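Keep in mind that what you see is a predicted model, and the values were worked out from it rather than measured. Note on naming: letters A, B, ... go to the chains in the order of the sequence lines (proteins, then strands), and numbering restarts at 1 for each one.
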Amino acid sequence: MIDPKLLRADLPNIAERLKLKHYDLDCNHFSMLDAQRKDQQIEAEALQQERNSYAKSMGKLIAQAKANGDDIEPLKQRGEQLKNDSSTADAKLAEVQTAIDELLQGIPNLPHASVPAGNDESDNIEIRQWGSPLELSFGAKDHVDLGAKLNGLDFDTASKITGSRFSYMRGGLASLQRALTQFMLNTHIQDHGYEEVYVPYIVNRDSLFGTGQLPKFEEDLFKLEDERGFYLIPTAEVPVTNIYRNEIVDNLPIKFVAHTPCFRSEAGSYGRDTRGLIRQHQFEKVEMVQFVHPNDSWDVLEELVGHAEAILQKLKLPYRTVALCGGDLGFSAAKTYDIEVWLPSQKKYREISSCSNFTDFQARRMKARFRNGQGKPEFLHTLNGSGLAVGRTLLAVMENYQQEDGSIEIPNVLQPLMNGATHIRV
RNA sequence: GGUGGGAUGGCAGAGCGGUUGAAUGCACCAGUCUUGAAAACUGGCAUAGGUUAAUAGCCUAUCUAGGGUUCGAAUCCCUAUCCCACCGCCA
């Protein structure tokens, strides 16, 4: 959520900045609502005060009336009148406040000054490249063909078990995915200073609101048939970031890493990436989440991207890093870097990680705070990044390490985690 | 799934319809004393929102959350959540 005070103080400027994200803020509507709110609130609080002070004096008034032998009823009626007046004013205020809250909750985070303008991913700016795109002397197969030949990746069986956009792996490929997960976790824990956490894979509405998936993006989620309003997590970001919802923490930064499955309904992506592992309803991801002091979040974002890139470098997978343009930026993010890995079969870079600074946007929704120098609670900043999407990393390894005979060489750093095996063979 | 007991400020813990935003203790901050520290003493010490130039005053809300009863609720009623105990079931 954007700071409502900021919005009041600097409305035209904020509206201008939000245009970069293609969000059209109706300034007049907001101003009108806020003016209404102000009038209503002053009135409601004044009536409340009158009601309170009358109720407080009631004890004495009753004693006095009784001493004089007077009827107490008129005193009570006066109280009732005050109650009714203040209730009416409260109801009006609540109505205006709800309208404002709905408007406020629908406003995306402000993009950072460095975010480039643009409409979609084609306008993203390449920041750097690492490694050179793989050139094969033989025709590059894609991971689906490679996996089928290895008898290790089977989408037909998965669709029998469940449906489309699920996968079934066996043997070396299943182990390789597990080795990748383990490798990523170990690297982040040992080299990058993260603490591993284990979290629920089912979350409630409050958590999804906190990180910004709700109320606007419900169609992307799998909702459970359960009156408690539970959802499968679309990313570990949700449970991990919400660890500090409604908390005041005292030691920043806090760096967590978690491995979880992720569940996405992929509504609205019919026909996109239907082949293979790229876009699945269920996939594994290692996620880094940081809670930091507001002064540090921009430096930490650069560091976080570096942590994700380190995995690709150790795996010797060529990639490039891009800064998302305003139109491609997510709802809650102030700035996002995507890391895209080279896929020889597609001769394209494809997203494998997304690292974002959410500034205080999630923290305000979650009421996640720390004590500043004066000991006052202040909203902290949250960041997260995939480190990495495991399924996509698996397919990138398969394609970039494929041999002419269809076997897959196992990257050096993974071999110890694969019982020393060097190849996955037919 | 069943039964019973809980949830109060940073922590512990009173209060159980009427000047209670909330006793007391601990912790914390400032001061007095001291060469310094400790002890003792004095004072301070919640959060959010509004109003405001103001992190000054003033107002409102908040005793897990949401409803209700009442002129008045931390206190009474209902619901939810979580915790604890026991029974049943279970990886």
Could you tell me how far [M] sits from [N] if I compare only their [atom1] atoms? Round to whole Å.
{"N": "A73(B)", "M": "U8(B)", "atom1": "C1'", "result": "14 Å"}
{"N": "C59(B)", "M": "A7(B)", "atom1": "C1'", "result": "30 Å"}
{"N": "U20(B)", "M": "C87(B)", "atom1": "C1'", "result": "41 Å"}
{"N": "C84(B)", "M": "A91(B)", "atom1": "P", "result": "22 Å"}

Pair assignment for [N], Watson-Crick or G-U wobble, requiring both distances under 3.5 Å:
{"N": "A48(B)", "answer": "U60(B)"}
{"N": "A14(B)", "answer": "none"}
{"N": "A38(B)", "answer": "none"}
{"N": "G21(B)", "answer": "none"}

Check this for me: K56(A), atom NZ, are more than 12 non-hydrogen atoms of other residues, nucleotides or ligands nearer than 6.0 Å?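 Open.
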
Distance, rounded to the nearest Å, where [X] contributes [atom1] and [N] contributes [atom2]:
{"X": "E50(A)", "N": "U60(B)", "atom1": "CD", "atom2": "C1'", "value": "14 Å"}
{"X": "Q40(A)", "N": "A61(B)", "atom1": "CD", "atom2": "C1'", "value": "17 Å"}
{"X": "R369(A)", "N": "A46(B)", "atom1": "CZ", "atom2": "P", "value": "14 Å"}
{"X": "L47(A)", "N": "G72(B)", "atom1": "CG", "atom2": "P", "value": "14 Å"}
{"X": "I42(A)", "N": "G50(B)", "atom1": "CD1", "atom2": "P", "value": "11 Å"}
{"X": "M58(A)", "N": "G18(B)", "atom1": "CE", "atom2": "P", "value": "15 Å"}
{"X": "K38(A)", "N": "C59(B)", "atom1": "NZ", "atom2": "C1'", "value": "14 Å"}

Checking R365(A) against F209(A): charged group under 6.0 Å from the ring centre and within 45 degrees of the axis?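 Positive - R365(A) is close enough to the ring of F209(A) and near enough to its axis.
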
Of the options G21(B), U60(B), A48(B), whose atoms approach the side-chain atoms of P377(A) most closely?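 The closest nucleotide is A48(B).
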
R78(A) and E50(A): CA distance, side-chain angles, deciding distance, salt bridge (Lys or Arg N to Asp or Glu O under 4.0 Å) verdict: CA-CA 11 Å; R78(A) 165 83 181 137; E50(A) 202 179 339; 3.3 Å; yes

Taking any heavy-atom pair under 4.0 Å as a contact, classify R37(A): base, sugar-phosphate, or nothing.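 Counting heavy atoms under 4.0 Å across all strands, the contact made by R37(A) is with sugar-phosphate only.
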
